[in-house]
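See below for the structure under consideration.
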Amino acid sequence: MEKTYNPHAIEQRWYETWEENGYFSPDMDTDLASDSGQDSYCIMIPPPNVTGSLHMGHAFQDTIMDALTRYHRMKGDKTLWQPGTDHAGIATQMVVERIINAEGKTRHDLGREAFIEKIWDWKAHSGNTITRQLRRMGASLDWKRERFTMDEGLSEAVKEVFVRLYEEDLIYRGKRLVNWDPVLHTAVSDLEVISEEENGHFWHMRYPLSDGGGYIIVATTRPETMLGDTAVAVHPDDERYQDMIGKTIKLPLTDREIPVIADDYVDPEFGTGCVKITPAHDFNDYDMGKRHNLPIINILTVDAAINNNAPEKYRGMDRYEARKAIVKDLDDAGLLEKIDEHRLMVPRGDRSGAVIEPYLTDQWYVKIAPLAEPAIKAVENGDIRFVPDNWKNTYFEWMNNIEDWCISRQIWWGHRIPAWYDGNGNVYVGKDEQAVRQQHKLDDSISLKQDEDVLDTWFSSALWPFSTLGWPDKTPELDTFYPTNVLVTGFDIIFFWVARMIMMGLKFTGEVPFKEVYVHGLVRDSHGHKMSKSKGNVLDPIDLIDGIELETLVEKRTSGMMQPQMAKKIEKQTRKEFKDGIPAFGTDALRFTFAIQATTGRDIKFDMGRIEGYRNFCNKLWNASRYVLMNTEGHDCGMDNDEMEFSLADKWIISRLQQTEQQVIDSLNTYRLDRAAQAIYEFTWNEYCDWYLELSKSVLNNDSASAAQQRGTRNTLIRALESLLRLAHPIMPFITEEIWQRVAPLVGIQGDTIMLQPFPEPQSAQVDQDAVDEMNWLQQFVLGVRQIRSGYDIKPGKPLNVLLANGSDSDKARLQRNETMLIKLARLESITWLDDDNAPESATALVGEMQILIPMAGLIDIDAERERLNKEIESNQGFISKLEAKLSNENFVSRAPEQVVAHERQKLAETQNKLKSLTEQLEKLSSL
RNA sequence: GGGUGAUUAGCUCAGCUGGUCAGAGCACCGCCCUUACAAGGCGGGGGUCAUAAGUUCGAAUCUUAUAUCACCCA
C-alpha cells in the first residue's frame, strides 16, 4: 500500500467494477418475482433535471440516500435505489432556446416539432452530465432501471392518470385568472411565483362621480389596470362613503361608467379606503367581481401589452409604457392627487424573472380537495411519517389551504395534454386520437385537433414513485418495492412534489408512495449564505473530490455571469479564501463530511476545515490498515484453530467494537447519520488507533510473547479492522472496499466485494465489561504518567522508574496482568510497589486511590510540583464542596432516586480520598 | 401579520428520556520527525450554555416572556 492515502487512485476503478458486475441491482442473482423471504427496501431518487449538474445539495442528499441504500443492501434487504431524471419542462426549454437564440433563430423559426427534436438531440448529447456525476459520488443506483419522465412508459402513466382523473371529474378545463408569465407566454402555478418586496409607487387617482358631485380618490400600485376597472369598492360600514354606495363613476380616460359597491373585503384603514376593482387583472378583485357580478374586462395581450379592449390611444403599448402614458394623462386632466413612494410585493416567475400578471385564460385544473383529504389523513394517522416530525405542520398548513392545481403550460417541451377538439369546440379526452374517435364514435369526416398545451412538469413527477416501477402494469417491481421506504428530500419541494406524490400515490395505487419522508437541510457556504452563481460562492462537489487550481476556480466563478460587474469582487473573494485552490479530498472524505453534519433539521455551513479533517481521517484509516496488514499478511492470524490467548486490549477492543456497532445501527435506523459517522470516527481514531494499535505492539514486538498471545492479537487486529470496514462502508464506500480486498482473505472471507457482505451485527456476549473497566484503569495509569512527563518537560523517550503506593489487591492484580503493556505504552523502565512510607521526592498522579509516584531526582523541580499539586487540590476542594452542599440538602437526599444519591456519595468519597492523597504528597514535599 | 427553526469554546457544530453533559473537530500554546500515519503523536489553555422569570431536590435540557438571526406562508 502507498504510504499516503490517494483517493484518486481507487475511486473510479471500484465504481466501474461495481457497476459492471451488477452489484447495484436487487435482482442480480435472484429473480425479483421469486419470494426470497427478504425484506425489500427502496428509495426513489428525486429526479434531477436533465439540464442539471451536481451541486452541493445533490451531493449531500445523494450521500444520505446512498448510505441508507448500502446499509440496507448489506443488511440483506432486497434493495433498490431507483435512478432517473426529470424533463423539467420550462427549464430545459429555456436552455435549448438559448442555444438556438445564439444561432440567431427563435424556436418559432423552427416550429414545434423541429424544436422538440432539437431538445431530444440536446438531451442525448449533454443530458447525462448529472448521471456521470452521480457515479463520481459513488451512488449505488440501479442504472439498468434508469427512467426519464418523458420516456415511453412514464408517458403512458401520465396519460392514464390524466384520463382517469378527467373521467372522474377531477380534471376540468376552465377560464380562470392564472399567474401569467408574459416572457415565457405560459401560465405558471402559484408555487412557481416568487414574491419579493421591491420599491415602487402608490398612485392616488381622482375618479369623478357621474352626477358631478365631486370625486372619489383611489390608490393603486398598478395604474395601467384602471383601463379594466369595473367598479370602485368601499367597506359597507365606512361612514365616510355611505352616500357614495350605489352611485356611479365616470371612469377617466375611457367612456365607461362603473358603480361604487360595498364589500367587507375592503380595509377602510388602508389607503383612502376606496379600492378600484379590476376583476381581470387581480386575484382579489376577481373574487369580488364574481360576488357582485361585475363585468370582467381583460386589457392585456399575452405579452402584457394593452389590447383592443382598451381605448385606442393605449393599444399596443407595453404595460409599463402604458403606465407612464396613463399617469401623464391623468395628471394633465387634473385627476392625479399624489404619488407616494411605496414598498410592495412584486410577483416574479421563478424561471424567467419576469413580473407575473394575473391573466384570464383557459387552463386545465386538477380539483384538489378530494385528493388532498386522504393525503392529509395519511400523515395524521401515521401511514407517512416526517423526519424530523415538525415538518408535518408545514405540510398540514399547506394542504388545508390548498387551491386547485393549474396543470396546463403554454410551452412545447413536456407531456402534451391528451385532449382533442372538434370544429365546434367540443373536447374529448383519451389516450390518443384513435381511442378518442373510437370512444366517441367520431369518424374521419370530423377533424380533431389536439390541445396545444403541455402538462406542468410536476404532474409527471407526482407519479414518480409508481410510474418508474412500471405502473399501470402490474410488475414485479411494483409488487416488491411499492410503497417505497423513505423519501429523502429538501424542504423546498414539500409542496411542489412531496404532497403531490402522496395525493397521486394514494389515488392510483391505494397506498402511500413512501412510509417516511426524511427532510434534510440546505448546504450553505462557510458564512451561512446560500450558495448562488450570482454571489460567486458556489462550490462544485466535483472540485472538492478532484481538487481545482485557483486560476481555474476563479475563471469558473466569474464566467457567464448575469451581473458582470460582480466579477471583480468575486475574484478577490475567491483568491482570498482559496489561496492555493482546492486540494483533492476524494469522494469518501466529502461523503463523510456530509454524513457527520447530517443532523436533523439543520442547515450545513460548509467549512473547508471540516472536509480537510475528514480527509485526514481517511488517511488515518489508511495508515492504520497498513500497519495491520504489515503485521498480519504472511503471519499466523489464528485462522487454523490453533490456540489463541487474548489480552486485555484484545477483549477491550472487541467489546468496544460491539458497542460501536450497536450505536451505528441505532443511529442509521433513526436517520442520525451524524451520530453513526461520529461513532465510527471516535472508535477508529481514539480507540482502535490511539490505544489498541499501540498496545498490540507490546505483544507483536515482544520476543517473549507466546505464539498463542501473538495469534490472539493478530486475530483481533484483523477481525476488528474487517468489521470496522464493513461498518464504515455505507458512508465511505471506496476506501473501505480498497482496504477490505486485502483484509478479507486474512479472516477467511470469500467474497468479491464488501458491498454485498453482511453488515456487522453486535454480539452482546462479546462485550466483556471487566475488560472495559480494567482498560479504563490502564488508560488512567498511562495518562497519569504522560501528564507528569509533559508537565516537567521530560523527554518523551526517556524511560522512567515508577513507584506505586496505596494500591488495592485489585490494583496489584491488574498491574501483574498488564505490566508489559504499561511499560511499553508509558515508556517506563520499571514499576515497583512501595511497601513502606519511605517514598523519595516524587511527582504524583492518581488512578482511583492508587498513587503513581515518579521520583524527582534530577528530573523535577520541587516548586513546580508543589504548585501543580496546589492547583489540583484546589479544584478537588471545589468539587467536594459542591457535592457536600448537594448531599446535605435534605430535599435532594430524600427526593432524588436512591441510585443518584448513592452515586453522588460515591463521587464524594472518591474525591475525598483523592484529596487526602494529594494533600499528603504536598506535605511530604513541603517538609523537605 | 401567521408559522417553523436557531442562539453552547475564537470558528463550525454535538449534547437522545432533566442527574460524570459542559463535549468534538478546526484554530491556539508547549514538547516530539518514537520503525502505520507530521494529512501524525503526547500534553495543555479556553465557555455565566442569548437574556429574564418559572417548574424541580436538581435545568444547556422542561414552561413562559424578551432579544437577535434564518427560513416558509400571506
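Basis for what follows: all heavy atoms, side chains included, without hydrogens, waters or symmetry-related copies. Per chain, numbering begins at 1; letters A, B, ... match sequence-line order.
- Residue-level contact check: A:Y5 touches the bases, meaning some heavy atom is under 4.0 Å from a base atom.
- For the contact set between residues 668-676 of chain A and RNA chain B, defined by any heavy atom under 4.0 Å, the members are A:R672, A:R675.
- Around the CD atom of A:E403, the shell of radius 6.0 Å holds no more than 12 heavy atoms that belong to other residues, nucleotides or ligands.
- An OP1 or OP2 oxygen of B:A70 is reached within less than 4.0 angstrom by no side-chain nitrogen or oxygen of A:K530.
- Taking atom P in both B:A74 and B:C28, the straight-line distance is 48 Å, to the nearest Å.
- Enclosure of atom CD in A:E2 is not indicated, since only 12 or fewer non-hydrogen atoms of other residues, nucleotides or ligands lie within 6.0 angstrom.
- Rounded to a whole Å, the CD1 atom of A:I494 is 10 Å from the C1' atom of B:C72.
- Within the nucleic acid shown, A:K392 has no heavy atom closer than 4.0 Å to any nucleic acid atom.
- Partner A:Y614 forms a ring-ring contact (aromatic ring centres under 6.0 Å, His included) with one of A:Y5, A:Y681, A:F594, A:F585 and no other, that one being A:Y681.
- Heavy atoms of A:K605 sit under 4.0 angstrom from primed sugar atoms or phosphate atoms, though from no base atom.
- With hydrogens and angles ignored, the 3.5 Å screen pairs no side-chain donor or acceptor of A:D603 with any backbone N or O of A:V523.
- Residue contacts for A:N631: at a heavy-atom cut-off of 4.0 Å it reaches no nucleic acid atom on any strand shown.
- Nucleic acid contact class of A:T4 (heavy atoms, under 4.0 Å, all strands): base.
- Residue-level contact check: A:N390 touches the backbone only, with heavy atoms under 4.0 Å from sugar-phosphate atoms and none from bases.
- Relative orientation of the A:Y692 and A:Y688 rings is parallel, given thresholds of 30° and 60° on the angle between their planes.
- Across all strands, A:E694 comes closer than 4.0 Å to base atoms (heavy-atom distances).
- Not a single donor-acceptor pair under 3.5 Å links the side chain of A:H8 to the backbone N or O of A:N6.
- Side-chain nitrogen and oxygen atoms of A:K824 include none within less than 4.0 Å of the OP1 or OP2 phosphate oxygen of B:U34.
- Looking at A:E722 and A:R742, no side-chain N of the basic residue comes within less than 4.0 Å of a carboxylate O on the acidic one, giving no salt bridge.
- Taking only side-chain nitrogens and oxygens, A:K3 comes nearer than 4.0 Å to OP1 or OP2 of B:A38.
- Contact between the side-chain N/O atoms of A:Q787 and the OP1/OP2 oxygens of B:G44 is found at a separation under 4.0 Å.
- Side-chain N/O atoms of A:W398 include none lying less than 4.0 angstrom from OP1 or OP2 on B:U4.
- The phosphate of B:G40 (OP1 or OP2) has no side-chain N or O of A:N623 nearer than 4.0 angstrom.
- A:N686 places its CG atom 12 Å from the C1' atom of B:G23, with the value rounded to the nearest Å.
- At the phosphate of B:G43, OP1 or OP2 sits under 4.0 Å from a side-chain N or O atom of A:R786.
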For nucleotides 59-64 of chain B, give me every protein contact, N/O to N/O, under 3.5 Å, one pair per line with atom names.
none

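- Among the atoms of the strands shown, only primed sugar atoms or phosphate atoms (P, OP1, OP2) are found under 4.0 Å from some heavy atom of A:L783.
- Contact annotation for A:C618: no contact, since no heavy-atom pair falls under 4.0 Å across all strands.
- Of the side-chain N and O atoms in A:T394, none sit less than 4.0 angstrom from OP1 or OP2 of B:U4.
- Distance check on atom C1': B:G1 versus B:C11 gives 36 Å, rounded to whole Å.
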